[in-house]
Number of protein chains: 2
Amino acid sequence: MQASATAQQDAPSARQQAVLDAVLGLMVEDSEQLTMDAVARRASCSKETLYKWFGDRDGLLTATVRWQASRVHAGHDAAQVLDGATLRERLQDFAVTWLEVITGPTSVALNRIAIAHAGSRKSNLGGIVLANGRFAIGERVKPVLEAGRAAGLLAFADSEAAFRTFFGLVGRDIQIRLLLGETLDLDGVGIRRDAGRAVEQFLALYGRAKPDPNHQT
Amino acid sequence: MQASATAQQDAPSARQQAVLDAVLGLMVEDSEQLTMDAVARRASCSKETLYKWFGDRDGLLTATVRWQASRVHAGHDAAQVLDGATLRERLQDFAVTWLEVITGPTSVALNRIAIAHAGSRKSNLGGIVLANGRFAIGERVKPVLEAGRAAGLLAFADSEAAFRTFFGLVGRDIQIRLLLGETLDLDGVGIRRDAGRAVEQFLALYGRAKPDPNHQT
DNA sequence: CGCGTACCGTACGGTACGGTACGCTACTTC
DNA sequence: GAAGTAGCGTACCGTACCGTACGGTACGCG
C-alpha cells in the first residue's frame with residue numbers, strides 16, 4: 001500500500017481537495033456533526049476511501065487545516081524603497097487582511113477545532129494553525145517593520161516585540177469574542193476603519209518621523 | 001422533585017463545590033477524558049447524584065464555569081481621587097491580574113471547553129465565559145478610565161474603544177497562542193514587565209498630561 | 001425499631017461514532 | 001474482451017460514553 005499522498009506533505013489531488021472542502025463546509029455549518037459518515041456523505045465518497053487517503057480522523061483534520069492554510073498565503077512582494085505613505089499602506093493591508101481572516105467563518109470554525117484538540121498530545125492541529133496564522137503573518141510583517149526602521153520611519157529595538165504590539169492593536173478582543181460564540185458583524189467598512197485606527201496607533205507608538213501630516217484618525 | 005440547586009442560579013453546597021473542583025481538576029489535567037464516569041470517580045460520588053444535582057452533562061459544565069467565574073472576582077474598590085501615579089498603578093494592577101488569569105491553566109482549559117462548545121446552539125458556555133472574563137474586566141476598567149479622563153489625565157471619546165485598545169495592548173497574542181497549545185512560560189516577573197509595557201503604551205496613546213516623567217520602558 | 005432520605009458503587013441499556021470488510025460499478029491497460 | 005484497479009455505497013464490529021436503574025449503607029425521625 002502506498003500510503004496516500006495527503007497523509008504526508010504532498011499536495012492533495014483535485015478529488016481530495018473536494019473532500020477537504022466538504023470537511024470545511026461541515027465545520028462551518030455545524031462542527032458538532034463533523035463525523036466521518038457525514039464527510040463521506042457530503043463528499044460523495046466512501047469512508048474506506050477517506051481512510052485510505054488520510055489514514056484516520058486526525059489525518060483528515062490535519063490535511064484540512066493544511067489545505068486551508070495553503071489558500072491563505074496571498075503573498076505581497078516587499079517593496080524595497082519605503083516612504084511613510086507606503087509603510088502606512090503596507091501595514092494597513094496587513095491589518096485588513098488579518099482582520100478579514102480571523103473574522104471569517106472558516107477561520108473561526110478551524111480555530112475552534114484546533115483549540116479543542118490542543119488539549120491532547122497527538123495531532124498537533126494547534127501548532128499548524130499557529131504556524132500558518134499568527135507566525136506566518138509575523139514573518140511577513142517583521143521585514144516591513146525592519147525596512148521602516150532602516151528608512152528611519154520607525155524606532156524599536158526588537159521587531160518581534162513591535163510586531164506583537166501591532167498584532168494586539170489590530171486584533172484586540174475580536175478573535176476571542178468570535179471564538180467564544182459572539183456574533184460580531186464586521187463588514188468591510190468596519191474592518192478598514194479598525195485597521196486604520198490600529199495602524200495610526202502603532203505609528204504613534206513606534207513612528208519616528210511624521211511622513212504624512214494629512215491623515216485622518 | 002425539587003430540581004437541584006445548582007441547575008438554577010443558587011450557590012452550590014460545599015459538597016457540590018467539591019464536585020465542581022473535581023471537574024476543574026480533570027479539565028486541567030486532560031480535558032479529553034472529561035467523562036461523567038471520571039468525574040464521579042474523582043469526586044467520589046455516584047453518577048446518579050451528578051444527574052440529580054446538575055441535570056445533564058451540559059448542566060455540570062455550566063455549573064463548573066459559573067463556579068470558577070465566582071472565584072475570579074477579587075474586587076478592587078475604586079479610588080475617587082485619581083492622580084497620574086494612581087491611574088498608572090490601577091491600570092498596572094488590572095493588566096497583571098488579567099495576564100495572570102488568562103495564562104493560568106484553569107483559564108486555558110475552561111476557555112478551550114467553552115470554545116469547543118460555542119459552535120453548538122445549546123449550553124451557552126461561551127457567553128458565560130465572555131461575561132465573566134472579557135466583559136467583567138471591561139466594566140471594571142472603564143470607570144477607571146473615565147475617572148482618569150475626568151481628572152484630565154486621559155483623553156478619549158469612547159471608553160469602550162479605549163478599553164479595547166488597552167485589552168489588545170495587554171493581551172496581544174498571548175491568549176490565542178496558549179489556547180492553540182503553545183507553552184509560553186510567563187512567570188510573575190515577565191507578567192509584570194508585559195503589563196508595565198502595555199500600560200506605558202496605553203498612556204502614550206491616551207494620556208494627556210505627563211504625570212510622572214521618570215518611568216522606565 | 002421501622003421508615004424515609006440521601007448518597008455511593010456498580011451494572012446495564014441505548015446510541016453514536018471510528019474504523020473495517022465486502023459487493024458492485026466503471027474505467028484503464030494490454 | 002479479460003484482468004486489474006480505484007472508488008462508491010453499505011453493512012458491520014467494537015468501543016466509549018451518556019443517562020438510568022438497582023442494591024447497599026448511613027443517618028435522622030417518629
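Reminder, nothing fancy here: chain letters follow the sequence lines and each chain counts from 1.
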Decide whether [X] and [Y] meet the rule of one side-chain donor and one side-chain acceptor closer than 3.5 Å.
| X | Y | value |
| --- | --- | --- |
| Q92(A) | R88(A) | no |
| N111(B) | S107(B) | yes |
| Q201(A) | Y206(B) | yes |

>> Using side-chain heavy atoms (C-beta onward) and a distance below 4.5 Å, is I176(B) in contact with I176(A)?
In response: no

> Under a 4.5 Å cut-off applied to non-hydrogen side-chain atoms, are T64(A) and Q68(A) in contact?
Replying inline: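 Side chain of T64(A) against side chain of Q68(A), heavy atoms only: no contact under 4.5 Å found.
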
Expressed as a whole number of angstroms, how long is the span from [X]:[atom1] to [N]:[atom2]?
| X | N | atom1 | atom2 | value |
| --- | --- | --- | --- | --- |
| L50(B) | dG9(C) | CG | C1' | 12 Å |
| Q33(A) | dA16(C) | CD | P | 12 Å |
| K47(B) | dT20(D) | NZ | P | 10 Å |
| K52(A) | dA21(C) | NZ | C1' | 13 Å |
| D30(A) | dA16(C) | CG | P | 15 Å |
| R57(A) | dA16(D) | CZ | C1' | 14 Å |
| Y51(B) | dC8(C) | OH | C1' | 16 Å |

Can you check whether [X] has a side-chain N or O nearer than 4.0 Å to OP1 or OP2 of [N]?
| X | N | value |
| --- | --- | --- |
| T35(A) | dA16(C) | no |
| W53(B) | dA6(C) | no |
| T49(B) | dC7(C) | no |
| R15(A) | dC8(D) | yes |

> For the atom pair CG (L20(B)) and CZ (R71(B)), what is the distance rounded to the nearest 0.5 Å?
Replying inline: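 Here the interatomic distance stands at 9.0 Å.
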
> When rounded to the nearest 0.5 angstrom, what distance separates SG in C45(B) from CD in Q16(B)?
Replying inline: 10.0 Å

All N/O pairs under 3.5 Å across the protein-nucleotides 22-25 of chain D interface:
| residue | atom | partner | partner atom | Å |
| --- | --- | --- | --- | --- |
| dC22(D) | N4 | E48(B) | OE1 | 2.5 |

>> Heavy-atom nearest nucleotide on DNA chain C for A43(B) versus D56(A): which residue maps closer to 5'?
In response: A43(B)

